[in-house]
Amino acid sequence: MAGGLERVYGTEEDKVNCSFYIKIGACRYENKCQRIHSIPPISQTILFKHMYQNSPMEVAIASGNAVSQAGIEEALEKFENFYEDVFLKLAEFGEIEDLIVCENIGDHLVGNVYVKYTSEYYAEGCFNALQNLSYENRPLQMEYSPVLDFSSAKCKQYIDGTCQRGGACNYLHLKKISTKFKKSLFNQMYEEHPDFREKKEKENIEKSPKKHKKKEKKSKKKKSSSSRESSRRNSIERQKMINDWNETGIQNVSQAQKMMYGNNMPAPVYTPKVSMRTSPELLQLQLQLAALKEQLAAIKMS
């Protein structure tokens with residue numbers, strides 16, 4: 001009996017619990033739904049109801065109406081400002097796994113913002129800290145959400161560009177945001193909260209120690225190469241090395257010339273090409289080497 005209940009839980013066969021609420025975290029019937037909306041006592045995901053305020057331009061985009069390029073850029077800039085502001089604020093309470101904003105315009109989904117943390121501990125800290133607070137002079141409407149897998153909540157047809165319901169669809173239509181921009185926010189989160197990354201690395205080590213050893217070897221190689229690169233970046237040390245090499249090369253050329261010609265060495269007639277990066281020492285070395293090559297060629301011909 002228990003196994004049968006587990007099998008139908010959250011599906012359309014479940015006559016007790018609302019499958020849409022379990023999948024989406026919201027239902028178009030809301031409080032009038034004949035099935036139960038079980039709000040979890042705690043979850044990794046928090047839903048902020050109707051937090052994002054769409055402009056008329058954004059409503060037109062969500063409805064599939066024709067919009068000018070300037071209008072699209074204006075809407076995108078407005079949304080990115082909101083997304084950055086909210087993301088960095090929520091990251092103060094813990095490591096974020098994902099943050100999504102609904103483009104739907106149905107009453108139960110419009111402006112909904114979901115944040116999923118990497119642990120319930122972080123989500124609880126955020127939930128408690130933001131109680132009775134407002135965003136843009138509007139009280140925050142928060143609740144823990146049963147949604148832990150956004151892939152099942154997203155509209156597959158919308159992703160494929162074939163959804164016929166537009167903004168009225170009951171599955172999530174996510175507001176689009178560039179991968180590069182989103183990645184930059186995650187990088188900023190880890191820079192401002194390095195303990196998040198350290199905790200994740202520790203968990204990865206515990207899960208797969210063998211894989212970590214391989215990564216550790218690679219990182220050591222990278223460190224050694226980076227240390228070599230950093231030494232090359234030091235302009236003073238680099239110039240000193242160049243000068244040492246040039247001085248040694250000039251001395252070797254002079255010794256070879258004395259051994260071959262004694263005091264009867266003819267004057268060089270070669271003028272090398274000089275670049276902006278050629279140092280005086282290197283130029284002198286080029287002249288000496290060119291002269292030696294010409295004299296060796298003359299000896300072979302005689």
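Note that the structure is predicted; figures quoted are calculated from it, not measured. Index from 1, following the sequence. No hydrogens, no waters, no symmetry mates; every other heavy atom, side chains included, goes into these values.
- With respect to the salt-bridge test (charged N to carboxylate O, under 4.0 angstrom), the residues Lys182 and Asp98 qualify.
- Between Leu99 and Leu185 there is no side-chain heavy-atom pair separated by less than 4.5 Å.
- In this structure, the ring of Tyr144 has its center less than 6.0 angstrom from the ring center of Phe127.
- Contact between Ala26 and Tyr21 at its shortest, heavy atoms only, is N-CD1, 3.8 Å.
- No side-chain heavy atom of Tyr158 sits under 4.5 Å from any side-chain heavy atom of Leu174.
- What you find for Ile105 and Ala62 is that their closest heavy atoms are CG2-CB, 3.9 Å.
- Residue Glu74 places its CD atom among 12 or fewer non-hydrogen atoms of other residues, nucleotides or ligands, all under 6.0 Å distant.
- Nearest heavy-atom pair, Leu109 versus Cys169, reported as atom, atom and distance to 0.1 Å: CD1-O, 3.9 Å.
- Side-chain N or O atoms of Glu192 include none that pairs as donor or acceptor with a backbone N or O of Tyr190 at under 3.5 Å.
- Taking the six-membered ring for Trp, Phe196 and Phe186 have ring centres at least 6.0 Å apart.
- Under the 3.5 Å distance criterion, the side-chain polar atoms of Glu80 are left unmatched by any main-chain donor or acceptor of Glu77.
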Checklist entry - Hey, mind stepping through Glu103 and Ile61 against side chain to side chain contact (heavy atoms under 4.5 Å, CB included) and telling me if it holds? => result CA-CA 9 Å; Glu103 191 173 60; Ile61 293 170; 4.1 Å; yes

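- In this structure, the side chains of Val115 and Val86 stay at 4.5 Å or more apart for every pair of heavy atoms.
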Next on the checklist: Could you go through Thr118 and Glu97, starting from their C-alpha distance and side-chain angles, then the distance that decides it, and tell me whether this counts as side chain to side chain contact (heavy atoms under 4.5 Å, CB included)?
Outcome noted: CA-CA 5 Å; Thr118 56; Glu97 186 173 312; 4.1 Å; yes

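- Between Lys78 and Met57, every side-chain heavy-atom pair lies at or beyond the 4.5 Å cut-off.
- Few gaps surround CG on Asp160; more than 12 heavy atoms of other groups in view lie less than 6.0 Å from it.
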Next on the checklist: Could you walk me through whether Tyr171 and Lys23 satisfy the side chain to side chain contact (heavy atoms under 4.5 Å, CB included) test, starting with their C-alpha distance in whole Å, then the side-chain angles of each, then the deciding distance to 0.1 Å, before giving a yes or no?
Outcome noted: CA-CA 9 Å; Tyr171 284 93; Lys23 285 181 183 178; 4.1 Å; yes

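- Side chain of Ser43 to backbone of Ser145: a donor-acceptor contact under 3.5 angstrom is found.
- Cluster membership for Val101 and Tyr135, using ILVMFWY side-chain heavy atoms within less than 4.5 angstrom, is shared.
- Going from atom CD1 of Ile177 over to atom CZ of Phe79 covers 5.0 Å, rounded to the nearest 0.5 Å.
- Counting heavy atoms of neighbouring residues, nucleotides and ligands inside a 6.0 Å radius, atom CZ of Phe181 exceeds 12 of them.
- Contact annotation: the side chain of Glu143 approaches that of Lys49 to within less than 4.5 Å [non-hydrogen atoms, C-beta and beyond].
- Note that the OG atom of Ser38 and the CG atom of Asn17 stand 5.0 Å from one another [nearest 0.5 Å].
- Hydrophobic clustering (ILVMFWY, side-chain heavy atoms < 4.5 Å, transitive): Ile100 and Leu148 are in distinct clusters.
- Residues Lys175 and Asn54 have side chains that bring a donor and an acceptor to within less than 3.5 angstrom of each other.
- Atom CD of Glu198 is separated from atom NE2 of His193 by 13.0 Å, given to the nearest 0.5 angstrom.
- Placement of Met142 and Tyr121 within a single hydrophobic cluster is found when ILVMFWY residues are connected by side-chain heavy-atom separations under 4.5 Å, directly or transitively.
- Residues Phe93 and Ile46 form no side-chain contact, since every pair of their non-hydrogen atoms from C-beta on lies 4.5 Å or further apart.
- Between the Ser63 side chain and the Asn65 main chain, no donor and acceptor come within less than 3.5 Å of each other.
- Between the CG atom of Leu88 and the CD atom of Glu92 there is a distance of 8.0 Å, given to the nearest 0.5 Å.
- Here the closest heavy-atom approach between residue Cys126 and residue Leu90 is recorded as SG-CD2, 3.8 Å.
- Judged by distance alone, with hydrogens and angles left aside, the side-chain atoms of Arg138 form a donor-acceptor pair with the main-chain N or O of His50 at under 3.5 Å.
- When ring centroids are compared, Tyr52 and Tyr83 stay outside the 6.0 Å threshold.
- A 4.5 Å side-chain heavy-atom check between Phe82 and Met51 finds at least one atom pair inside the cut-off.
- Between the side chain of Asp85 and the backbone N or O of Asn81 there is no donor-acceptor pair closer than 3.5 Å.
- When all heavy atoms of Gly25 and Val147 are compared, the pair lying nearest together is N-CG2, 3.4 Å.
- Dense packing is recorded around CD of Gln131, with more than 12 heavy atoms of other residues, nucleotides or ligands lying under 6.0 Å away.
- Counting only heavy atoms from C-beta outward, the side chains of Asn112 and Phe48 never approach each other to under 4.5 Å.
- Atom CG in Leu133 sits 8.0 Å away from atom NZ in Lys89 (nearest 0.5 Å).
- The heavy-atom pair separating Cys18 from Cys27 by the smallest distance is SG-SG, 3.9 Å.
- Tyr114 and Ile96 fall into different hydrophobic clusters, defined by Ile, Leu, Val, Met, Phe, Trp and Tyr side-chain heavy atoms under 4.5 Å apart, directly or through other members.
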Next on the checklist: With side chain to side chain contact (heavy atoms under 4.5 Å, CB included) as the criterion, how do Gln44 and Tyr122 come out once you've worked through the C-alpha distance, each side chain's angles and the decisive distance to 0.1 Å?
Outcome noted: CA-CA 8 Å; Gln44 288 176 241; Tyr122 291 142; over 6 Å; no

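- Rounding to the nearest 0.5 Å gives a distance of 12.5 Å between CD of Glu124 and OH of Tyr117.
- Asp149 and Ser151 share a side-chain donor-acceptor pair at under 3.5 Å.
- Under a hydrophobic clustering in which Ile, Leu, Val, Met, Phe, Trp and Tyr are joined whenever their side-chain heavy atoms come within less than 4.5 Å, directly or via other members, Met189 and Val113 fall into the same cluster.
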